[in-house]
**Q** 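The structure's right below; bear with me while I get my questions together.
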Amino acid sequence: MRRAIPEELADLLPDRAGGLSEAEVAERRARFGRNDIVEQPPHSGWQLLAETAHDPMLWFLLGTSLLFILLGDTSEALILLIAVLPLVGMDLYLHRRTAASTAGLSSCLASRARVVRGGREREVAVEELVPGDLVIVAKGDPFPADGILVKAEQVQVDESSLSGEAWPIHKRAVTDALISAQATTFESCHWGLAGTRLLTGSATMRIANTGRHTLYGEIVQSALAGAHARTPLQQAIAQLVIVLLIAATALCLLLALVRLQQGYGWVDALLSAVTLAVAALPEEFPVVFTFFLGAGVYRLARRKALVRRAVVVENIGRISAICSDKTGTITEGRLTLTHHAAAPGVAHEQLLQLAALAARGDSGDPLDAALLIHVPVPSRYTVQQTFPFTEDRKRETAIVRDEQGALFAVRKGAPETILALCGDGATVRSAALHETAAFAAGGHKVIACGWRPLEVESWPGGEPDRDFIFAGLLAFEDPVREGVAEAVNE
C-alpha cells in the first residue's frame, strides 16, 4: 500500500530532529483544522430534531393530523400525533447507540502526544497536532496521526485495528535515497498510522495527515456518515401514497364540482370534498411502517445489534451473504501456541524450553508473550546477552548460562533462516521445510528453533553464526472465538 503526503512536507523529511515553530503550527492549524479523527455526533436536542425533520413521513403525519384538527376530529388527530412519537423516539434511541459506537472507535486512539516544537520536546493533546509536526512515539503508545517514520529502532506495530492482521508488522525509517529524490508517495513500511500501536522499539515520525484525512479517519467517516439511500419498501410506499393522493385529490375535486352542479353552495361542496379527502388519505401506510420498523429495532437491540438507522430492519431481510472481518471478530485477536514438532532426538519439553530462552518477556512481541505463557523460563538459567529480532536478520539469539556455568546459544526465527545456520543434513532440512509448509497452509505462523553449546574459555563474544543444531518447529494461530462455528452454521 502506497500513500501520498502533501508535497510541501517533502522538504521537512531531511530534518530528523527539528520541529515546527509556533507560528508554523498556528498557520497549519488554520489551514488543516484540528486533529479530530473521530468527530462526535451532535448532542443538542435541537440538532437531533432538525435531523429527524428531514423525514417526509413525519410531515405527512403532522399534516394529516392538522387536517383532522381543522375538521374538529380531535381523536383521529391525537392518534396520528401519537404515531409521530415512535419516529422521534427511534431517532433519539439510535443516536444514543451511535454515540456509544463512536466512543468505542475513539478508544483505539491516543489522547496525548510527545512532540518537538520550537527546539524542545513537550506533551500536547492529540487534537493540537498539525501536518509537519515531529512526534516521538514510545513502546506501547498509539500513533496519534498518520506520518512518515524518520527514525525507527526495532519497530514492530500492531495494525489489527486497520487491517485485521494479528501478527506484528515491522516498520523502518524512510531512506536517504527517497528523501534525496523528494518522494511524495511511500510504501506502508515507512508509515505510522493513527489507530495502530507501537509494540517494540521507538519511533520518530513526521506527521503527514491528520483528522479525517488519516486512514483511520477515512474508515470512521465511511462507517458514520454514508449516503442514506431509500430502501425498496420505502420507495414502494412513497409511490403508492403519491398515486393514492393524486387519485384522492381528483375524486375530491370531481365531488366538489358535482355538488356545485347539483345546486349546492360552495361551503357544502368544499365540506363534501374535505370529508372524502379524510376518508381517502392513505395515512395508515406510514403509521404501520413506522411501528413495523420500531418493532424491528427493538428486537435487534435485544440481540445486542447496533442499529444506526431504522430502515436497516428492511435491509437485513434482503441479506443473502455476509462478509466478516476475521481478526477480533471470528477469532480472538491474539496468538496462541497450538502445535510443535521437535526434531529427531529432541524431546518436546526441551524444544519448548529452548524457544522460551530465546524469547524476551519485555519485548512487547505477541509471539514472545504467547510462548512464555506456555513455558516460563526456569530460574536455573541466566541470559547473558541477547541479539534481538530485526526484519533483515529474521532471527533472535540469546546467550544463556546454566547453574553449572555451562554456556550455550539458543536461536529462534523464520524456519528458512534458522535451518540455513544449522549443520543438520539435507534430509532434516527438507523434512522441516515440508512440515513448515503444512503448518502455514493451515493458517499458522511458524518459527524454528536451534541451539549450540559454547566453550566458556574460547567464546570471543558476539553472536554465533553457524554450527547450530536444529531443535524443531513451533506453530502459532489466532484461535476462533467460542460460538463462531455455530453462528456461521446458523
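When a residue number appears, it is its place in the shown sequence, counting from 1. Any value given below was found using the heavy atoms of this structure, including those in side chains, with hydrogens, waters and symmetry copies removed.
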**Q** Any donor-acceptor pair under 3.5 Å linking the side chain of Arg429 with the backbone of Asp424?
**A** yes

**Q** Is it true that Glu24 and Arg28 make a salt bridge, defined as a side-chain N closer than 4.0 Å to a carboxylate O?
**A** no

**Q** Looking at Ala471 and Trp451, what are the two nearest heavy atoms and their distance?
**A** CB-CD1, 4.4 Å

**Q** When you check the gap from the basic side-chain N to the acidic O, do Lys394 and Glu416 get nearer than 4.0 Å?
**A** no

**Q** To the closest 0.5 Å, what do you measure between CG (Leu198) and CG (Asp141)?
**A** 7.5 Å

**Q** Counting only heavy atoms not in Gln384 (residues, nucleotides, ligands), do more than 12 fall under 6.0 Å from its CD?
**A** yes

**Q** Look at the aromatic rings of Tyr381 and Phe408 and report parallel, tilted or perpendicular, splitting at 30° and 60°.
**A** perpendicular

**Q** Is the backbone N or O of Ala194 less than 3.5 Å from a side-chain atom of Asp146, with the two atoms forming a donor-acceptor pair by type?
**A** yes

**Q** If you round to the nearest 0.5 Å, how far is OG1 of Thr204 from CG of Leu149?
**A** 8.5 Å

**Q** Between Arg360 and Ala398 (side chain of the first, backbone of the second, donor and acceptor by atom type, cut-off under 3.5 Å), is there such a pair?
**A** no

**Q** Inspect the contact between Arg29 and Glu128 and indicate whether a charged nitrogen and a carboxylate oxygen are less than 4.0 angstrom apart.
**A** yes

**Q** Under a 3.5 Å distance rule, please check whether Thr200 uses its side chain to pair with a backbone N or O of Gln156 as donor and acceptor.
**A** yes

**Q** Should Arg122 and Val115 count as side-chain neighbours, where that means a heavy-atom distance under 4.5 Å?
**A** yes

**Q** Please report the interatomic distance CD(Glu349) to CG(Leu354), rounded to the nearest 0.5 Å.
**A** 11.5 Å

**Q** Quick check for you: to the nearest 0.5 Å, what is the distance between Asp133 atom CG and Arg114 atom CZ?
**A** 13.5 Å

**Q** Counting only heavy atoms not in Arg120 (residues, nucleotides, ligands), do more than 12 fall under 6.0 Å from its CZ?
**A** no

**Q** May I ask you to check whether over 12 heavy atoms, not counting those of Glu482, lie within 6.0 Å of atom CD?
**A** no

**Q** If you measure from CG on Asn35 to CD1 on Ile207, what distance do you get to the nearest 0.5 Å?
**A** 7.5 Å

**Q** For the residue pair Ser160 and Arg197, establish whether any side-chain heavy-atom pair is separated by less than 4.5 Å.
**A** no

**Q** Would you mind checking if Asp368 and Lys412 are paired as a salt bridge, meaning a charged N to carboxylate O distance below 4.0 Å?
**A** yes

**Q** Determine, for Glu159 against Lys171, whether the closest basic-nitrogen to carboxylate-oxygen distance falls under 4.0 angstrom.
**A** yes

**Q** Between Leu12 and Leu20, which heavy-atom pair has the shortest distance, and what is it?
**A** CD1-CD2, 4.1 Å

**Q** Without swapping roles, check the side chain of His339 against the backbone of Ala475 for a donor-acceptor pair under 3.5 Å.
**A** no

**Q** Please say whether more than 12 non-hydrogen atoms of neighbouring residues, nucleotides or ligands are located less than 6.0 Å from CD1 in Ile319.
**A** yes

**Q** With no hydrogens and no angle check, is any side-chain donor or acceptor of Arg380 less than 3.5 Å from a backbone partner on Glu403?
**A** no

**Q** Around atom CZ of Arg466, are there more than 12 heavy atoms from other residues, nucleotides or ligands closer than 6.0 Å?
**A** no

**Q** Just wondering, are more than 12 heavy atoms of other shown residues or ligands nearer than 6.0 Å to CZ in Arg481?
**A** yes

**Q** Atom CZ of Phe186 and atom CZ of Arg2: how far apart are they, to the nearest 0.5 Å?
**A** 8.5 Å

**Q** More than 12 heavy atoms of other residues, nucleotides or ligands under 6.0 Å from CD of Glu455: is that the case?
**A** no

**Q** With distance as the sole test, does Arg206 use its side chain to make a donor-acceptor pair with the main-chain N or O of Gly132 at under 3.5 Å?
**A** yes

**Q** If we ignore hydrogens and angles and just use 3.5 Å, is the side chain of Asp36 paired with the main-chain N or O of Gly211 as donor and acceptor?
**A** no

